[in-house]
Each structure stands twice: as structure tokens, then as C-alpha cells.
Amino acid sequence: MGLFAEPWLREARDRIKLVAANASVKEDNPVQFDELAEAVEKAIKAALVENHGSVPRQLDHQNLVSICQATGVWDVLPPALRGLVQEVQSFRSTSSPATVEQSSAEQLQRYFIVARGLIDYMEFHVIGNDSVLKRLTVS
């Protein structure tokens, strides 16, 4: 793993651990979904940081799907992980207590599992693979 991406991936995993630690609470709450969304964002940005050294300002304020599409991350993500990124973006754009109340414990568990998979995928298949990492275009 690269020098630049390691802190970002560690933070993504820490956010996942926070959700796991709070999973004993039976109520779903916006904090749990938001922590998973943050973990997904950190994992994606870890690849950008590893490729470029930082996240360019013009990308930092875009939505996550746009960032992935503009940098080539979208092209290297499997369909299930693309779906997660789209759902995270949708959650963030419509985040409200009513949205979270409609969410179920099963949906939170699914997000949790797929988000962990995305972090591992970004670490081993994108950041850990120079040929894939070099295909990203961060400017």
C-alpha cells in the first residue's frame, strides 16, 4: 500500500468500526448511515490521494459519483460497488430523519458489508495495483 493512502484507508476502517460498535443499538440512526457514507468517500479519495498526492480542490466539493466518473475510478469499480456509491450519494442528497426511519436494519447491514468490501477493493485492487492506479486521472 502506498504512503499517501494509508491514513485515508485507516480513517475509513475506523468509521466502519464505529458503525460496528454501535450496531448493538437496535435503532437505525442517521449517524450510522453517515459514518458508512464517510467511510466510502474516504476509501475512494484514498486512491486519488495515492495517485495525485492530494484531492484537488475542484474535486473535493463535487458529489461522489461525479468524482468517480471524472477520475476514472468509476471505470474500475465492479457494478455492486458502483451501486453502493450511487446509493451513498442518494442518501447524502436526500438525508433526512424520515429517510433514515424508512431504512431498515437489514439495509444498514448490507451497506456495512458492501462498504467494508469497497475499502478492501480500493486498497488491494486499485491502490495496490500500479496498472490500475496509473489509469486514474487526477488533475
Residue list, salt bridge (Lys or Arg N to Asp or Glu O under 4.0 Å) with Arg116, at least two apart or on another chain: none
4.5 Å side-chain heavy-atom contact, Leu108 and Leu36: yes
Closest heavy-atom pair and its distance - Ile127, Ala5: CD1-CB, 3.6 Å
Straight-line distance of Ile113 CD1 to Leu118 CG, nearest 0.5 Å: 14.0 Å
side-chain contact (heavy atoms from CB on, under 4.5 Å) partners of Val55, counting only residues at least two apart: Trp8, Lys45, Val49, Leu59, Asp60
Minimum heavy-atom distance between Val85 and Cys68, given as atom pair plus value: CG1-SG, 4.2 Å
pair Val73-Ile67: side-chain heavy atoms closer than 4.5 Å: no
Partners passing salt bridge (Lys or Arg N to Asp or Glu O under 4.0 Å) against Arg82 (at least two apart in sequence or in another chain): none
Closest contact, heavy atoms only, Val40 versus Ala115: CG2-CB, 3.9 Å
Spacing of Ile119 atom CD1 and Glu123 atom CD [to the nearest 0.5 Å]: 9.5 Å
Non-neighbouring partners of Phe112 that pass ring-ring contact (aromatic ring centres under 6.0 Å, His included), sequence neighbours left out: none
Geometric class of the Phe33/Phe91 ring pair [parallel <30°, tilted 30-60°, perpendicular >60°]: tilted
Separation between CG of Leu136 and CD1 of Ile44, rounded to the nearest 0.5 Å: 11.0 Å
Close side-chain approach of Leu77 and Tyr121, heavy atoms under 4.5 Å: yes
Inter-residue atom distance Met122.CE - Glu50.CD, 0.5 Å rounding: 11.0 Å
Interatomic spacing from NZ in Lys42 to CD in Glu35 - rounded to 0.5 Å: 11.0 Å
Distance, nearest 0.5 Å, that separates CD of Glu38 from CD of Glu41: 5.5 Å
Which residues share a side-chain contact (heavy atoms from CB on, under 4.5 Å) with Val132, sequence neighbours left out: Val76, Val126, Asn129, Arg135
Residue pairs passing the side-chain hydrogen bond (donor to acceptor under 3.5 Å, both in side chains) test where at least one lies in residues 65-76, sequence neighbours excluded: Asn63-Ser66
